[in-house]
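Working notes, beginning with the structure itself.
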Amino acid sequence: MENVDELTAIKAVQLIKEGSLSAEELIMKKFDRIRNIDGSLNCFISVLDEVAVEAARTVDKRVRMGEDVGRLAGIPIGVKDNICVEGVPCTCGSRMLENFKPLYNATVIERIRGEGGIVLGKTNLDEFAMGSSTETSYFGPVRNPWDIGKVPGGSSGGSGAAVASGEVLLAFGSDTGGSIRCPASFCGVVGIKPTFGRVSRYGLVAYANSLEQIGPIGRTVEECALFFTVFSGHDPKDATSLPSKREDYTRYLVDDVQGMRFGVPQELFGKGIDERVEKVVWDAVKVLEGLGATYEEISLSSLKYALPAYYILAMSEASSNLARFDGVRYGYNSGEQGKDWNEAFSKNRREGFGAEVRRRIMLGAYALSAGYYEQYYLRALKVRTLLKEDFERTLQDFDAVLGPTMPFPAFNIGEKIDDPLALYLSDINTVTANIIGIPAISVPCGFADGLPVGLQIMAGVGEEGKIIRVAFTYERNTNWHKKIPQIDF
Amino acid sequence: MNDSDKKESIIDRDTVKKIEWMARIALSPEEEELFRKQFEDILLWFSELASVNLEDVEPTYHVTKLSNVFRKDEVEECLPVEKVLQNVPFKKKGYIIGPKIL
């Protein structure tokens, strides 16, 4: 019997189906793990003890009866706490939704449960997914399993750290400007931001609708491809869902990049990049070259405007989306009437939202207001057009674009939290994929003084298959994904 | 940031008050001052976009080419009222208690 802590989801499903590992045993192991280490890491906001054990027993029973138990049979999965699971608090890491229990499941939850996947718990995040360090949660910061003095990245920091530390095998993240790829990079795991519209957003608490997607986080590309296959594809409940057929992404797990061409934009190695990260990422590009691909250093000049454009769009959409939280129909209510409803709402929103959420809503309201709309929001939408055209041109010549996911490894907890602008700047390499809706993956490619570094691979709209193939080839020919943090706290 | 950059600054306390009203978020006086400074820095950074030549560039609101998506106009089952009211902080006899209007 192999060490259960080191099983991949692929292997675990196989053993469970054979009957040589019980789903219940696997779940209990993960509960033990959470009990032992999550006091230090703070990855989980809630854990579904009884429901998860019951689901595991059902899988085991069905295995004994010789039934088909599904592609994720018995796999413990972490769910970012902005994705609805019926009856389980969905807090979004906010006081505003501390006691909110969704009345229905997100489509992605229905889909994984339909394939035997088990929701183990809800993972911690930056409040309403607004952040790059998972420090703004009302439920406290998450810590990086490689060094608990460091942030895990954000906003899906709980999901990234839970996978890296072996508390779960797979986890859902959501990515509005890098929120899956940043924690994947900082925690040394794999994360995919899908093409916009590839995954249903039904049941995802909205932050910036035109930018965000739910995506997979796992230790390996292979596991992410399987997980992603199960929950992606058209959903009539999401009007922005792409009407294409469901696809099996595991068929792109091909160890071959022979003849592929990559563009490496100098802008992704711009001001502020850590030299150690630069070196590690270039080494990764050379590995792919050694496997028969070619690369060219290129320039994508519009990239330098991506970050301010992203923040204008994200904040504007946030101000509109989060207008729904008034504390009347659901959410935090101070219990005070005030002199009128404006005062009552303003008090609920002041006390229910943390500082970063308030900042973003307020700046978004300003950017959309009369007299400033053209100066900020409209300009950002036009920059989006430039970026899209620039990328489309580039992707005519190249299969994919490569670079560092994050310009530096994980930073210290508390280091940037008092300077919002400094924190925004860390998203420089990830936001473009969201602005123009293309898929991107972060895959572990080495270390900078003991902290993981991620290689980002981006391709054109609908080309998840291509990024999975490149990342898988890289993974198959390197050993970074086998490095696991030594947890001795 | 040097002083010559600062002259573009547009955020004074009155503007912060105006934004509080638009966003329906009441700040404490200390926070008003902190946010004023942070808004100024962030908006100044946003102003970098002023230097981009965007003449004849159309805005992209959405990246997919989807337009209206319709479904059949069929009656479907709704959630029961008790369930819908489950998350309401203050309620009475199947109604939601809101703040007073008058």
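Throughout, a chain's letter reflects where its sequence line sits, starting with A, and its residues are numbered from 1. Just so you know, these numbers use all the heavy atoms, side chains as well, and skip hydrogens, waters and symmetry mates.
- The shortest non-hydrogen separation linking B:P59 to A:T385 is C-OG1, 3.6 Å.
- Rounding to the nearest 0.5 Å places CD of B:Q86 at 14.5 Å from OH of A:Y330.
- Residue contact with chain A, scored on non-hydrogen atoms closer than 4.5 Å, involves the side chain of B:V69 exclusively.
- Heavy-atom pairs under 4.5 Å with chain B peak, among A:P102, A:A355, A:P243, A:G197, at A:A355.
- Of the atoms belonging to B:Q38, it is side-chain heavy atoms, and not backbone ones, that fall under 4.5 Å from chain A.
- Between B:I42 and A:P420, the shortest heavy-atom distance links the atoms CD1-CB, 4.4 Å.
- In terms of non-hydrogen atom pairs under 4.5 Å with chain B, the most contact-rich of A:L386, A:I435, A:N99 is A:L386.
- For a residue to count as touching a neighbouring chain, one of its non-hydrogen atoms must lie under 4.5 Å from one of that chain's; by this rule B:L85 does not touch chain A.
- For the set A:K101, A:E343, A:K339, A:Q375, the entry with the most heavy-atom pairs within less than 4.5 Å of chain B is A:K101.
- Both the backbone and the side chain of A:T240 come within less than 4.5 Å of a heavy atom in chain B.
- Contact of A:L425 with chain B is made through the side chain alone, with heavy-atom distances under 4.5 Å.
- Taken from CD1 in B:I19 to OH in A:Y366, the straight-line distance is 6.0 Å, to the nearest 0.5 Å.
- Because its NZ or CZ atom is not both nearer than 6.0 Å to the ring centre of B:F39 and within 45° of the ring axis, A:R359 does not count as a cation-pi partner of that residue.
- Annotation: the span from B:M22 atom CE to A:I361 atom CD1 amounts to 12.5 Å, rounded to 0.5 Å.
- Remark: the backbone N or O of B:L27 is not paired with any side-chain donor or acceptor of A:R350 at under 3.5 angstrom.
- Proximity to chain B is limited to the backbone of A:D418, based on heavy atoms less than 4.5 angstrom apart.
- Between chain A and the options B:L43, B:L79, B:N68, heavy-atom pairs under 4.5 Å are most frequent for B:L43.
- The residue among B:G98, B:A26, B:A23, B:S28 with the most heavy atom pairs within less than 4.5 Å of chain A is B:A26.
- The most heavy-atom pairs under 4.5 Å with chain B, out of A:V383, A:L363, A:L368, come from A:L363.
- Nearest heavy atom pair, residue B:F46 against residue A:M315, reads CZ-SD, 3.8 Å.
- Distance CH2/B:W45 to CG/A:L421: 6.0 Å, rounded to 0.5 Å.
- The part of B:I96 that comes within reach of chain A is its side chain, from C-beta onward, which places non-hydrogen atoms under 4.5 angstrom from that chain.
- Within a 6.0 Å radius of OH in A:Y373, more than 12 heavy atoms belonging to other residues, nucleotides or ligands are found.
- Using a 4.0 Å cut-off between charged nitrogen and carboxylate oxygen, A:R358 and B:E31 count as a salt-bridge pair.
- If you tally non-hydrogen atom pairs under 4.5 Å between each of A:V461, A:N342, A:I436 and chain B, the highest count goes to A:N342.
- With a threshold of 4.5 angstrom between heavy atoms, B:I25 approaches chain A through its backbone and through its side chain.
- The minimum heavy-atom distance linking A:G331 with B:P89 is given by the pair O-CG, 3.4 Å.
- The CE atom of A:M362 lies 12.0 Å from the CZ atom of B:R24; values are rounded to the nearest 0.5 Å.
- Summarising the geometry of A:F345 relative to B:P99, their closest heavy-atom pair is CE1-CG, 3.6 Å, with the distance given to 0.1 Å.
- Residues A:L387 and B:T60 have side chains not in contact (no heavy-atom distance under 4.5 Å, counting atoms from C-beta outward).
- In this structure, chain B has no heavy atom under 4.5 Å from any part of A:S319.
- Taking non-hydrogen atoms and a 4.5 Å limit, the residue list of residues 304-312 of chain A in contact with chain B, ordered by number, reads A:Y305, A:L307, A:P308, A:A309, A:Y311, A:I312.
- Shortest non-hydrogen contact noted between B:L54 and A:K382 is CD2-CB, 3.9 Å.
- One finds the CG atom of B:L49 at 9.5 Å from the OH atom of A:Y376 (value rounded to the nearest 0.5 Å).
- Only the side chain of A:Y424 comes within contact range of chain B, with heavy atoms under 4.5 Å apart.
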